[in-house]
Amino acid sequence: MNLISLQFLVFCIALLVLYYLVPKRFQWWLLLLGSAVFFLLTGTPYTIIYLLISIVSAWLAGRYIQTQNNRRRKRAVFIAEIILNVGMLAALKYTNFLLSTTESLVNLFGANLSLGTVSWVSAIGISFYTLQVVGYLCDVYWGISQAQRNPFKFALFVSYFPQISSGPISRYHQLEELLFAGHGFDHKTVTFGLQRMLWGFFKKLVIAERLTAFVNSVYGAPHTYQGAYIWLGTVAFLIQLYADFSGNMDIVLGLSESLGIRLTENFRAPLFARNVQAFWQRWHITLGAWFKDYVMFPILRSRAWAKMGRRLKTRFGKNTARRIPAWLGMLVLWVGIGIWHGNGWQFIFQGLWFFCIIVLGQLCAPLFDTLRRKLCIREKSFIWHLFQSLRTCLLFAVGLVFFRAQSLNHAFGMLFSAVTVFNPGAIFSVQTLALLGGWENLRIVLPAIALLLFVDVLHARGNSLRAWAARQNIALRWVLYYALLFAVLLFGMYGGGYSPGEFIYGGF
Amino acid sequence: MDREQVLHRVNAVFRDIFDDDTLAITEENSAADIPDWDSLTHIALLAEIEECFGIRFSMKDVLGMQKVGNLLDIIVHHT
C-alpha cells in the first residue's frame with residue numbers, strides 16, 4: 001500500500017475513527033491489527049516471516065537478558081540475537097553485493113568466476129525495524145530499558161505501521177508509554193496531525209514529484225547531460241530528496257500525532273545548517289543518533305580504543321591521542337551509515353565523502369575563522385550564515401551524487417564531468433527548460449520551494465506555523481487549510497494515468 | 001569527596017579538554033551551552049574524568065547524561 005494512494009487514505013480514516021471509538025485499553029490492540037494489515041497490504045505477504053522471527057527472538061532474548069544473573073550467558077544471548085537480526089538484514093540486502101564483489105576480486109587475478117545472484121525478497125522496512133530491535137536489545141542489556149513482558153506489546157513497538165516503512169527510528173523507552181497508554185479524542189491533536197499530513201502531501205506531490213522527471217533524465221543519461229546539467233540535476237535532487245523524505249516524515253509523524261503518539265522528529269531545517277556535521281544533526285536525525293549511540297559510542301568506549309589512545313598519548317601527545325581514535329570511530333560510523341543506505345560501493349563512498357568533509361571541516365575551522373576575521377565579517381552576520389549554508393548544501397549535494405548515481409563509476413564520471421565540462425549556458429537553455437517541464441511546471445514548483453524554505457526559516461527560529469494558524473480567527477484559519485488542500489489537489493502530480501513514485505526512503 | 005570538590009575537579013577537566021582556562025561550569029550546563037561540546041568531545045571528556053576519579057562509566061551512564069549535574073550524580077555515586 002503506497003502512502004500516496006486512496007487506499008492508504010481510506011485505511012487511515014477508518015483506523016482513526018475506530019481508534020477513538022474503541023475503549024482506551026483496546027487501542028493498542030487495534031494499532032497492532034492495523035500494523036499487520038498495513039504490512040500485509042504493503043509488501044509481499046510471506047516476508048512477514050522475517051518480521052516475526054525478529055519480534056519473537058528479540059522478545060525472548062530481551063526477557064532472558066533481563067532475568068538472567070549470569071553475565072556470561074546474558075552476554076552470549078545478547079550477541080547471538082544481534083548477530084541473528086543484523087545477519088538477516090545483511091543476508092537479505094547485501095548477499096548480491098558480496099557475491100559480485102567477490103567475483104570481481106577473484107577475476108582480477110585472471111579467473112573466470114561467475115557466482116550469479118540470489119533473488120530473495122526483502123521485507124518492507126527491514127532496515128528500519130532491525131535498527132529498532134537492535135537498539136531495544138542494547139537498551140535492555142545496558143539497563144536503560146526494562147524488557148517488555150507482553151510479546152504483543154513488543155510486536156507493536158517493532159511493527160507500528162506509520163513508521164515501519166520509512167522511520168523515524170524510535171527508542172523503546174521513548175515510545176513505550178505513548179504506544180500503550182490510552183488516548184482520548186483531542187480536537188487539537190487530531191487536527192494538528194492531519195494538517196501536518198497535508199503539508200507532507202504538498203511536499204511530495206507538488207515539489208518532489210515535479211522534480212522527479214528532470215533528476216531522472218540527468219542521472220539516467222550521464223553521458224548526454226554533462227557539466228552544468230549535473231550541477232543543476234544534483235541541486236534539484238537535493239531539493240527533491242528533501243521534499244520527498246521530509247514530506248514522508250510529515251505524513252508519518254502527522255498520522256501518528258493524530259493518534260496521540262508523538263514520534264521523534266527526523267528533520268530540523270537542515271538546509272540552514274552551517275557545516276556538514278550540523279547538517280547531519282538536522283537531516284535523518286534518528287539514523288545518525290542511532291549509529292552514534294549504538295555503534296560509535298560502544299566502539300570509542302571499548303578497551304581496544306582506550307588502549308590505542310594510551311599508546312598514542314605516549315608517542316604523539318594528548319591531542320593526537322584524542323583525535324585519532326575519535327576519527328577512527330567516526331569512520332566506522334560513516335561507513336555504517338553508507339552501507340545502510342544501499343548495497344553498492346557508491347554508498348560506501350558516500351559515507352567516506354561525509355567522513356572526509358567533516359574531518360577536513362574540523363581541521364580547517366581555524367583557517368576559515370581567521371579568513372572571516374580578516375574580511376571583517378561578523379560570525380553571526382546574515383552574509384556569513386548564508387555563505388556557510390550554501391557551502392554546506394553544496395558539499396552535501398556532492399555526497400548525494402553517490403547516493404543517486406547508478407554505480408560508483410557513474411558517480412565518479414558525473415563528478416569528473418561536473419568539474420571539467422564548462423557549459424554554464426546550458427542552465428538557461430531551451431533543452432533544460434523542456435527537461436524541467438517548461439514554464440508551466442516551473443511556475444508551480446519554484447513558488448512551492450520558496451514556501452518550503454519560508455516554513456523552514458520559521459521552524460529554524462522556533463516558530464510553529466500550525467500554532468500560529470490555530471490562534472487565528474475561524475475564517476482565516478479555514479482559508480489557510482483550504483488553500484493548502486487545493487494547492488495539493490490542483491498542483492500535485494497524481495491521478496489521470498500519473499502514478500506518484502514511491503517515497504525514496506520507502507523501499508529500505 | 002563532597003559535591004563541591006567533585007565539581008571543582010570536573011571543571012579542571014573541562015578546562016583541559018576545551019582548552020579554555022576561563023571556563024566555569026555549573027550543574028545546569030549542558031552540551032548546548034558549550035559550543036565545542038559534541039559527541040566526540042563528550043567521549044574524550046568522560047575518558048579524562050574516568051582517569052581523574054579512577055572510575056568507569058557504564059553505557060547507561062554515557063547515554064543518560066543530559067547535563068553536568070547528572071555527571072556529578074554519577075561520579076558521587078561511584079566515589
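- The pair A:Arg322-B:Asp16 counts as a salt bridge, with a side-chain nitrogen and a carboxylate oxygen less than 4.0 angstrom apart.
- For A:Gln277, the part sitting under 4.5 Å from any heavy atom of chain B is the side chain, from C-beta outward, and nothing else.
- Distance CG/B:Leu63 to NZ/A:Lys292: 8.0 Å, rounded to 0.5 Å.
- Between A:Asp139 and B:Lys60, none of the side-chain N atoms (NZ, or NE/NH1/NH2) sits under 4.0 Å from a carboxylate O, so this pair counts as no salt bridge.
- Contact detail for B:Ser39 and A:Met296: the closest heavy-atom pair is OG-CE, 3.8 Å.
- More than 12 heavy atoms of other residues, nucleotides or ligands lie within 6.0 Å of CZ in B:Arg56, so this atom counts as buried by the packing criterion.
- The distance from atom CD of B:Glu51 to atom CZ of A:Arg310, rounded to the nearest 0.5 Å, is 8.5 Å.
- A 6.0 Å sphere centred on NE2 of A:His385 holds more than 12 heavy atoms belonging to other residues, nucleotides or ligands.
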* Starting from the C-alpha separation in whole Å, work towards a yes-or-no answer on side chain to side chain contact (heavy atoms under 4.5 Å, CB included) for B:Leu40 and A:Gln362. => CA-CA 12 Å; B:Leu40 294 178; A:Gln362 288 176 359; 4.3 Å; yes
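- The environment of B:Arg3 atom CZ is dense: over 12 non-hydrogen atoms of other residues, nucleotides or ligands sit within 6.0 angstrom.
- In the displayed structure, A:Ile383 atom CD1 is contacted under 6.0 Å by at most 12 heavy atoms of other residues, nucleotides or ligands.
- Looking at A:Pro298, the atoms closer than 4.5 Å to chain B (heavy atoms on both sides) sit in the backbone and in the side chain alike.
- Taking a 6.0 Å sphere around CD of B:Glu27, one finds it holds more than 12 heavy atoms contributed by other residues, nucleotides or ligands.
- Counting non-hydrogen atoms of other residues, nucleotides and ligands closer than 6.0 Å to CZ of B:Arg9 gives a total above 12.
- Here the closest heavy-atom approach between residue A:Arg301 and residue B:Val62 is recorded as NE-CG2, 3.6 Å.
- Of the inter-residue distances, the one linking A:Phe297 atom CZ with B:Ile43 atom CD1 reads 4.0 Å to the nearest 0.5 angstrom.
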